[in-house]
**Q** 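Below is one structure. I have some questions about it.
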Amino acid sequence: MWLWRVKPWGLAPRGLKWKGGLLSPPVLLPLRPVSGCRAPSVTATALVNYWAQLFEERGVPEARESSEYIVAHVLGAKTFQSLLASQRSTSITDLQREQIGELCTQRLQRMPVQYIIGEWDFQGLTLKMAPPVFIPRPETEELVNLVLHEEFQRCQERRGRGTLDHQPHCSPVILDVCCGSGAIALSLLSRLTQSRVVAVDKGEEAVQLTRENAQRLHLENRIQIVHHDITSGVNREQLLPWGPVDFVVSNPPYIFHCDMEQLAPEILSYEDTESLDGGKDGMRVIREILSQAPMLLKDSGSIFLEVDPRHPELVGNWLQSRPDLALSISATHVDFCGKPRFLHIHKSRSCQ
Amino acid sequence: MNTLGFTHLPVSLGSFSAGLWRLWLWKKPSFLFPRAGAFGPQVAGKTVSHGLLPLNETDLEEQFVKGHGPGGQATNKTNNCVVLKHIPSGIVVKCHQTRSVDQNRKLAREILQGKVDLFYRGEDSHIHKVKKEAEKKKRERKKKAKETLEKKRLLKELMLKESRPEAPLPREE
């Protein structure tokens, strides 16, 4: 057990005023029964300030956010902002302080916050996170919204066609390629209650994590998780248990190989680089998905991809060079930073 | 390149002084507007709930934290704070309640909708109505409690009177 040596409130070097919190880095002492040696109580806010300051001094990015998420997590909340003022000013127990210390020490090693707290939220779901499985990015939530929007539109069109339609229920089958932690697959399953998803990943850990997340969310009865490397060839048997799909969705590795070395230590040291590196032009896996899509997709189906901002043009050109695929981009959508990030691709209408 | 920075807005959730915000110069690139209907099929480009005034997406301006870097897979940022402004009224809301950008965007819209409703409808606003309703109920409860106490007091007096022998009437001389 660690004992944090704490300076009394209000004392600061050289008469400087500061808002309160621990001034110096924690002095780690083994806990021994020395009389009167109990550290004074400390509040959540004070600990957040302390660790934020330390992270900043040590060059850890998002110092304050990291500190807040970790402290909130130990206190049982998802964000520091969601804690009541009363909770933030109550004393932290010794055990909590110890837990916070251990987790924050991992942050000092630049471990991503999501791996440290072992979970993250995506589209209203809380998913387990574990290295080296790729951590879902906030942009990808919009990818899910795009699929949902498309499905709702198709569903309304189908209903609009009236009683002639023998299948008034909308129960799409979706293929999630490179599923990672299962973020896309599971959020679609939870929002489209009649849908079924086939989730595929080449990483064993990703497959296991997706399975675990599906079980936690009680969605395992509508998902099939396949351990398969799509670059090794088409595997229709495994990928199409329910026949051709209505949607192919993917957040494939799309980083240009030459950009890999510029990635932050959080990413390079902890996440699986195979889930990021898209080869020379970032298109290696994208090309594979698009090459196989015509065999996997219904004629009325759609492909939704998350890509690098340089890819819309590259993909457009490549699809033109591959008329055999008969695919075309119907729309490019931006992410919340305004960067072209998502491609909506469909089967071109066949020429008469 | 995201040229818009996240400016530290001196706004708390309780402040919606329109005059102040109209002085604020705010760039308005259209690509930041979320797609119409991105928040569900029930409304295209509008947030509607509880009889509140609907919010039009075209009246809104969203900002996220600056320095998101290349974004996408190349970045792993955990700051999911959303700042949402209602341009006509100048009301701004900041939301970092959840760990999901998508959820924060939805919540920000809900909060903003309530504030805008309050701003435009004042006493007729939903928030005001709810408050008035709560106050009314509280007054009624208090009144009822008072009446009950009074009844109890009278009953107690009555019981005491019955248990005591009657005082002799004053003799008439």
Side-chain angles (χ1 to χ4, degrees), chain A residues 61-62 64-66 68-69 78-82 112-114 119-126 134-135 137-142 144-146 148-149 151-153 155-156 251 253-255 259-260 262-264 266-267 270-271 275-276 278 306-309 333-341, chain B residues 1-6 8 12-13 27-45 60-84 93-108 111:
Chain A
E62 296 198 300
R64 178 149 293 270
E65 289 83 353
S66 304
E68 285 178 349
Y69 280 126
K78 292 194 173 182
T79 63
F80 198 66
Q81 284 74 8
S82 64
V113 167
Q114 299 93 331
E119 62 178 43
W120 201 241
D121 294 342
F122 185 87
Q123 280 273 345
L125 303 177
T126 300
F134 179 79
I135 295 166
R137 306 304 201 238
E139 285 89 341
T140 314
E141 291 187 303
E142 184 59 22
V144 172
N145 284 335
L146 290 173
L148 291 173
H149 182 77
E151 172 55 21
F152 286 132
Q153 278 203 318
C155 206
Q156 280 185 333
N251 180 18
Y254 59 67
I255 297 187
D259 293 337
M260 287 291 293
Q262 285 157 31
L263 299 181
E266 278 83 0
I267 300 174
Y270 294 94
E271 285 186 295
S275 63
L276 296 152
E306 181 179 317
V307 298
D308 180 277
H333 298 279
V334 295
D335 62 24
F336 61 78
C337 293
K339 296 184 175 143
R341 185 64 67 186
Chain B
M1 193 68 166
N2 185 14
T3 53
L4 294 173
F6 167 75
H8 182 70
S12 66
L13 285 183
K27 291 183 212 160
K28 230 172 39 148
S30 57
F31 59 69
L32 268 189
F33 290 170
R35 277 178 56 254
F39 288 100
Q42 72 273 26
V43 241
L60 302 182
E61 220 169 77
E62 247 178 342
Q63 279 212 342
F64 307 89
V65 180
K66 173 179 140 182
H68 200 73
Q73 291 173 358
T75 312
N76 181 20
K77 295 284 186 193
T78 57
N79 188 322
N80 294 327
C81 187
V82 174
V83 178
L84 192 62
V93 152
K94 187 167 142 185
C95 181
H96 195 177
Q97 279 292 310
T98 78
R99 299 186 294 211
S100 150
V101 164
D102 196 66
Q103 298 292 102
N104 284 341
R105 291 174 81 186
K106 286 174 179 159
L107 274 172
I111 298 167

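Here is how names work: the chains are called A, B, and so on, in the same order as the sequence lines, proteins then strands, and each is numbered from 1.
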**Q** How long is the gap from CG on N145(A) to NE2 on H149(A), to the nearest 0.5 Å?
**A** 10.0 Å
**Q** Angle between ring planes, F336(A) versus F64(B), binned at 30° and 60°: parallel, tilted or perpendicular?
**A** tilted
**Q** Using non-hydrogen atoms only, which part of Q114(A) is less than 4.5 Å away from chain B: side chain, backbone, both, or neither?
**A** side chain
**Q** Specify which of P112(A), S66(A), G124(A), P61(A) makes the most heavy-atom pairs with chain B at under 4.5 Å.
**A** G124(A)
**Q** Contact part of Q123(A) toward chain B, heavy-atom cut-off under 4.5 Å: side chain, backbone, both or neither?
**A** both
**Q** Sort Y254(A) into side chain, backbone, both or neither according to what part of it lies under 4.5 angstrom from a heavy atom of chain B.
**A** both
**Q** Would E62(A) and N79(B) count as having a side-chain donor-acceptor pair, cut-off 3.5 Å?
**A** no
**Q** Restricting to side chain to side chain donor-acceptor pair (under 3.5 Å), what partner residues turn up for Q73(B), sequence neighbours left out?
**A** N251(A)
**Q** If you count heavy-atom pairs under 4.5 Å with chain B, which of L263(A), V113(A), I255(A) comes out on top?
**A** I255(A)
**Q** Can you tell whether the side chains of R99(B) and E119(A) come within less than 4.0 Å, N to carboxylate O?
**A** yes
**Q** So which part of T140(A) gets closer than 4.5 Å to some heavy atom of chain B, the side chain, the backbone, both or neither?
**A**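 Neither part, no heavy atoms under 4.5 Å.
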**Q** Would you mind checking which part of L276(A) comes under 4.5 Å of any heavy atom in chain B, side chain (CB onward), backbone (N, CA, C, O), both or neither?
**A** both
**Q** Mind checking what makes salt bridge (Lys or Arg N to Asp or Glu O under 4.0 Å) contact with R341(A), not counting sequence neighbours?
**A** D335(A)
